[in-house]
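Ligands are counted one by one from 1 in listed order, and the atoms in each one are counted from 1 as well. In what follows, every heavy atom counts, from backbone to side chain, and hydrogens, waters and symmetry copies are set aside.
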Amino acid sequence: MAEETRYITCVLCEASCGLEVVVDGPQIRSMRGHAADPLSRGHICPKAIALQDLHTDPDRLRTPVRRVGPPGEEATWEPISWEEAVDLVAARLVAIQTEFGRDAVGVYLGNPNVHSLGALTHGVNLVRTIKSRNSFSATSLDQLPHQLTAWALYGHQFLLPVPDIDRTDLLVLVGTNPMASNGSMMTVPDFPGRRRELKARGGRLVVVDPRRTETARIADTYLPIRPGTDAYVLLAIVNVLLTEDLATPALYVDRVAAVEEAVAAFTPQRAEEVSGIPAEAIVTLARDLAAAPSAAVHARMGASTQAYGVIAQWAAQAINILTGNLDRPGGTMFTSPAVDVVGKGLMGTGHLGAWRSRVRGLPEFGGELPVSVLAEEITTPGEGQIRALLTVAGNPVSSSPAGHRLADALAGLDFMVAIDFYVNETTAYADVILPPTGPLERDHYDLIFHTLAVRNTARWSEALFARPEEARHDWEIARDLALRILARRADAEHPGGVKALAARAASTVKDLPKTVEAQARFRTPPKQQLDVLLRTGGHGLSVGRLAKTPGGVDLGPLEPQLPGRLRTPNQRIDLAVPVILDAIAALDAARDETPAAHLLLIGRRHQRDNNSWLHNSTRLTKGRPRHHLLIHPDDAVCRGLADGDRVRVTSRAGSVEIECALTDDMMPGVVSLPHGYGHNRPGVRLREATALPGVSMNDLADPAHTESVGANAVLNGIPVTVDSISGE
Ligand SMILES: Nc1nc2c(c(=O)[nH]1)N[C@H]1C(S)=C(S)[C@@H](COP(=O)(O)OP(=O)(O)OC[C@H]3O[C@@H](n4cnc5c(=O)[nH]c(N)nc54)[C@H](O)[C@@H]3O)O[C@H]1N2
Ligand SMILES: Nc1nc2c(c(=O)[nH]1)N[C@H]1C(S)=C(S)[C@@H](COP(=O)(O)OP(=O)(O)OC[C@H]3O[C@@H](n4cnc5c(=O)[nH]c(N)nc54)[C@H](O)[C@@H]3O)O[C@H]1N2
Ligand code: SF4
Ligand SMILES: [Mo]
């Protein structure tokens with residue numbers, strides 16, 4: 001066969017790199033970053049090769065399977081036909097909802113959904129069809145504070161300003177390690193190259209992190225911070241800006257005086273006591289932010305998945321707003337994507353506390369409850385109890401707090417179905433698994449990450465390989481399931497069938513247009529939906545046009561667009577968001593003091609890990625082990641620990657045993673474990689991964705402890721004890 005050069009998008013992380021792939025029939029001959037790509041400029045990371053490994057992995061499911069026997073080691077999985085699988089799932093879900101109500105079926109959407117066009121066009125509508133208030137996603141393990149803050153300040157949960165890294169003079173990164181993660185809530189392929197350019201033009205990088213990370217190492221200033229205290233530091237910066245009269249907010253910003261009052265007690269001295277960052281350094285940073293021609297503060301994972309994540313995110317936005325950097329070139333800016341998910345109404349505006357979780361009363365945000373309540377909503381009897389669960393592209397047993405307890409809860413469900421191509425820690429509990437095509441077998445356009453990118457571009461990515469004939473895409477599975485659910489539901493609600501339905505036409509006729517519209521939407525493939533969105537998107541694009549431009553179209557640098565882009569009722573920004581100011585007022589009283597014997601546990605990412613999956617790729621997992629508990633030598637010595645010793649790490653939620661590694665990259669008093677490890681749970685079928693050492697960090701995270709405003713999961717700053725078990 002002839003070799004052919006193709007251009008595709010890597011969907012494994014938010015950087016969304018453009019790849020140049022040489023294929024020869026079904027073989028990949030080479031894969032590299034596409035040098036002419038206007039966004040990723042030739043960048044590629046080692047993870048991209050996992051796309052190939054995933055494609056050929058014998059462990060990847062390719063047909064629907066049904067579990068025989070109880071979950072665990074003894075479970076066997078028998079292949080079943082799509083027809084049988086879809087019908088069985090729809091029948092069970094509808095039966096459970098008919099008997100126990102809509103909320104009896106829970107839904108969990110995992111991270112890869114945002115990396116799949118079809119999941120966004122169809123999967124989301126499947127969830128709407130199920131119509132349960134027990135809806136969950138990885139958002140509440142991740143960026144919920146960003147969305148809540150954007151909703152509160154800018155009027156829409158997805159109006160998220162992005163650092164204009166290519167033009168900034170001062171970039172302040174708080175709780176993010178793009179040298180490993182390749183950036184987040186900021187699609188920034190080639191962070192290393194962009195950092196070099198920043199330096200070359202005389203700009204500076206400041207990193208705030210409890211660990212001297214790969215990113216901290218290349219910073220001009222590195223400020224180690226005690227986990228969970230970002231709110232104090234960022235509020236102190238706001239305080240300095242206002243008390244030193246350095247603030248220059250735009251004319252459309254209201255109620256700055258109320259903010260000044262709210263932050264009055266949060267002085268740099270107070271921040272130093274709590275965070276360990278010297279007051280002087282905080283004052284200097286505040287003044288630098290005000291003085292720089294342009295500056296951008298970007299707070300991410302580490303600042304979001306902690307007890308005061310919303311306050312921290314709000315304060316980061318407030319700093320950008322008060323220094324006049326919001327909407328300024330080189331500051332933080334809104335993108336002008338070819339498909340504007342905000343303007344097109346593809347995503348709801350957002351709301352907080354429209355309902356609350358049944359057991360603990362935690363608020364929903366944007367229609368979803370926090371994952372931290374999932375297990376208790378399954379195990380606590382009563383009306384509204386979750387009896388069946390659908391998971392799509394997720395692994396909450398590995399990724400959510402006290403995953404080990406969630407696993408026990410899943411074992412007690414009446415029914416569980418997973419749309420996923422692996423039997424992982426979570427899907428091992430499913431009764432039926434429906435495997436979609438893999439990333440190389442489907443078309444892609446990034447609805448989400450073009451919206452968060454540091455440059456406006458648009459890229460269409462055609463499936464590299466034709467899918468096997470019997471395989472189904474995510475969107476087809478969502479479509480078939482939703483249509484079958486609607487049909488079964490109609491049967492259940494109108495047992496007499498069509499005739500009975502006709503007899504009741506008077507009452508049902510008003511629902512008809514909605515049903516017809518829903519059906520039409522499910523039947524329209526993602527590519528067609530995208531084409532309409534592009535054609536009406538204001539950039540004069542279409543799928544056809546993009547297909548002619550491999551690597552995509554450059555739509556230019558980010559452009560100022562405020563106040564016009566705001567979605568607040570008066571197109572102004574009310575900085576003094578009441579719910580956040582209330583949380584600030586309660587901050588000091590609410591803060592737990594960590595007992596002296598405890599260390600604070602934080603997470604970490606490695607360039608060759610990807611959340612809880614892709615550990616089946618030997619090419620990604622080989623090399624130096626990277627599962628250790630990192631600990632500062634001072635903390636090790638006083639516990640009698642040497643490098644490589646086994647330790648027991650115990651938190652309020654659980655306990656794990658693991659080897660430790662001594663490093664002064666850790667701030668004293670802080671230890672670190674990666675998440676997404678610990679594949680040795682019973683029933684997991686991942687050949688390479690189960691041989692991997694390591695434990696699940698989330699067996700230590702505590703679901704009882706959630707973020708103060710939006711109930712995001714607390715995954716960082718977990719109090720733990722660490723004891724030697726080498727002698728045991
Ligand atoms: N302690 C700690 N916990 C964390 C984090 C942390 O930093 N520390 N990070 C959190 C964050 S940011 C996130 S986003 C979550 C992620 O947590 P989750 O979203 O729950 O889990 P993932 O590990 O991303 O699992 C992805 C699953 O999707 C499947 N999959 C991959 N691609 C597709 C596809 O195209 N279609 C379908 N149907 N399935 C697919 C994979 O096989 C895998 O089983 O973890 C969170 N948990
Ligand atoms: N290689 C790789 N890339 C990935 C992923 C992956 O698993 N592997 N996952 C993807 C996903 S889903 C996401 S959401 C992004 C996340 O991307 P990032 O936001 O860059 O996430 P992390 O790399 O976990 O970096 C979080 C940092 O916060 C620090 N930290 C912990 N606690 C605190 C704290 O209290 N305060 C401060 N200031 N810092 C703290 C940690 O030490 C860590 O360096 O990465 C994406 N990219
Ligand atoms: S940085 Fe992310 S998008 Fe780019 S090649 Fe690596 S995994 Fe893929
Ligand atoms: Mo994430």
Side-chain angles (χ1 to χ4, degrees), residues 9-19 31-33 40 43-51 54 57 59-61 108-119 123 136-143 178 180-185 187-191 300-302 304-305 371 391-401 403 418-427 433-439 441-442 444 446 449 473-475 477-478 601-605 607-616 672-677 686 696-701 713-716 718:
T9 299
C10 176
V11 293
L12 293 178
C13 89
E14 298 181 36
S16 306
C17 298
L19 307 181
M31 189 184 263
R32 57 176 150 171
S40 64
H43 183 69
I44 187 169
C45 87
K47 265 194 303 183
I49 55 158
L51 288 169
L54 174 67
D57 187 354
D59 282 346
R60 180 161 68 91
L61 296 174
Y108 173 85
L109 299 182
N111 167 276
N113 283 295
V114 292
H115 295 276
S116 159
L117 175 63
F136 304 84
S137 83
T139 292
S140 54
L141 303 170
D142 190 347
Q143 79 288 359
S181 69
N182 292 295
S184 186
M185 304 306 275
T187 287
V188 58
D190 192 20
F191 177 81
R300 222 352 337 243
M301 265 305 281
S304 304
T305 49
V371 184
T391 67
V392 188
N395 189 3
V397 168
S398 175
S399 57
S400 73
I419 304 180
D420 202 304
F421 34 60
Y422 282 113
V423 183
N424 66 22
E425 292 73 9
T426 303
T427 63
I433 305 179
L434 307 170
T437 51
E441 298 162 331
R442 64 176 194 233
H444 183 64
D446 246 303
F449 298 107
H473 296 306
D474 267 316
W475 72 269
I477 300 172
L601 175 68
I602 61 168
R604 68 174 183 272
R605 286 177 159 77
Q607 205 191 21
R608 289 189 290 135
D609 288 325
N610 192 31
N611 294 324
S612 75
W613 64 300
L614 297 182
H615 278 158
N616 251 21
S672 163
L673 274 176
H675 74 287
Y677 279 75
L686 303 167
S696 177
M697 158 174 192
N698 282 320
D699 289 354
L700 298 167
V714 175
L715 306 170
N716 286 291
I718 303 161

Fill in: Close approach of Pro189 to ligand 3, heavy atoms, under 4.0 angstrom
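No, that is not the case, since the closest heavy atom of the residue is not under 4.0 Å from the ligand.
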
Counting heavy atoms only, which part of [X] comes closer than 4.0 Å to ligand 1: side chain, backbone, both or neither?
X: Met301; value: side chain
X: Arg442; value: side chain
X: Asn111; value: both
X: Asn698; value: side chain
X: Val11; value: neither

Approximate separation, where rounding is to 0.5 Å, of [X] [atom1] and [Y] [atom2]:
X: Asn611; Y: Leu12; atom1: CG; atom2: CG; result: 10.5 Å
X: Ser184; Y: Asp142; atom1: OG; atom2: CG; result: 6.0 Å
X: His675; Y: Ser672; atom1: NE2; atom2: OG; result: 11.5 Å
X: Leu19; Y: Ile49; atom1: CG; atom2: CD1; result: 12.0 Å
X: Leu141; Y: Thr305; atom1: CG; atom2: OG1; result: 9.0 Å

What is the nearest protein non-hydrogen atom to [atom], stated with its residue, atom name and distance?
atom: atom 2 (Fe) of ligand 3; value: Cys13 SG, 2.3 Å
atom: atom 6 (C) of ligand 1; value: His675 ND1, 3.3 Å
atom: atom 31 (C) of ligand 1; value: Trp613 CH2, 3.3 Å
atom: atom 41 (C) of ligand 1; value: Asp420 OD1, 3.5 Å
atom: atom 10 (C) of ligand 1; value: Leu141 O, 3.4 Å
atom: atom 4 (Fe) of ligand 3; value: Cys17 SG, 2.3 Å

Worksheet entry | Evaluation steps, side-chain contact (heavy atoms from CB on, under 4.5 Å), between Cys45 and Asn182 | CA-CA 9 Å; Cys45 87; Asn182 292 295; 4.0 Å; yes

Taking only heavy atoms of [X], which atoms of ligand 3 are found under 4.0 Å from at least one of them?
X: Asn182; value: 1 (S)
X: Leu12; value: 7 (S)
X: Ala48; value: 5 (S)
X: Cys45; value: 1 (S), 5 (S), 6 (Fe), 7 (S)

Just jot down the ligand 1 atoms closer than 4.0 angstrom to any heavy atom of [X], in number order.
X: Asp142; value: 12 (S), 14 (S)
X: Tyr422; value: 42 (O)
X: Asp474; value: 34 (C), 35 (O), 36 (N), 37 (C), 38 (N)

Worksheet item: Does any donor atom in the side chain of Asp420 or Thr427 lie under 3.5 Å from an acceptor atom in the other side chain?
Response: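 Not at all, the side chains of Asp420 and Thr427 share no donor-acceptor pair under 3.5 Å.
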
Worksheet item: Does any donor atom in the side chain of Asp57 or Tyr422 lie under 3.5 Å from an acceptor atom in the other side chain?
Response: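 Result is yes, a qualifying pair exists.
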
Are side-chain heavy atoms of [X] and [Y] found at a separation under 4.5 Å?
X: Asn610; Y: Lys47; value: yes
X: Glu425; Y: Asn698; value: no
X: Trp613; Y: Leu686; value: no
X: Cys17; Y: Pro189; value: yes
X: Ser398; Y: Asn424; value: no
X: Gln607; Y: Pro46; value: yes

Worksheet item: Is there any N or O on Ala138 that sits under 3.5 Å from an N or O of ligand 1?
Response: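 There is no such contact.
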
Item to complete: On the 0 to 90° scale, with breaks at 30° and 60°, tag the Phe449-His115 ring pair as parallel, tilted or perpendicular.
Response: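 If you compare the ring of Phe449 with that of His115, the planes turn out parallel.
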
Pick from [options]: the one approaching [atom] most closely through a non-hydrogen atom:
atom: atom 32 (N) of ligand 1; options: Phe421, Tyr108, Phe136; result: Phe421
atom: atom 28 (O) of ligand 1; options: Ala393, Pro435, Pro439; result: Ala393
atom: atom 9 (N) of ligand 1; options: His615, Met697, Arg605; result: Arg605
atom: atom 24 (O) of ligand 1; options: Pro112, Pro401, Gly110; result: Pro112
atom: atom 45 (O) of ligand 1; options: Gly394, Ser399, Ser184; result: Ser399
atom: atom 21 (O) of ligand 1; options: Leu614, Asn395, Thr426, Val371; result: Asn395

Item to complete: Check each heavy atom of Ser16 against ligand 3 and say whether those closer than 4.0 Å belong to the side chain, the backbone, both or neither.
Response: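 The answer is the backbone of Ser16.
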
Does ligand 1 have an atom that lies less than 4.0 angstrom from a heavy atom of [X]?
X: Ser612; result: yes
X: Arg604; result: no
X: Pro436; result: yes

Worksheet entry | Within the 6.0 Å centroid threshold, strictly below: Tyr677 and His615 |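 Aromatic pair counts; centres sit under 6.0 Å.
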
Worksheet entry | Residues Glu14 and Arg605 bridged, charged N to O under 4.0 Å |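 Looking at Arg605 together with Glu14, the answer is no, because their closest N to O distance does not fall below 4.0 Å.
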
Fill in: Whether Cys10 has an N, O or S atom under 2.8 Å from atom 4 (Fe) of ligand 3
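Here the distance criterion (N, O or S atom, under 2.8 Å) is not met by Cys10, so no.
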
Fill in: Shortest non-hydrogen separation from Met697 to Leu673 and the atoms involved
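Minimum heavy-atom contact is SD-O, 3.3 Å.
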
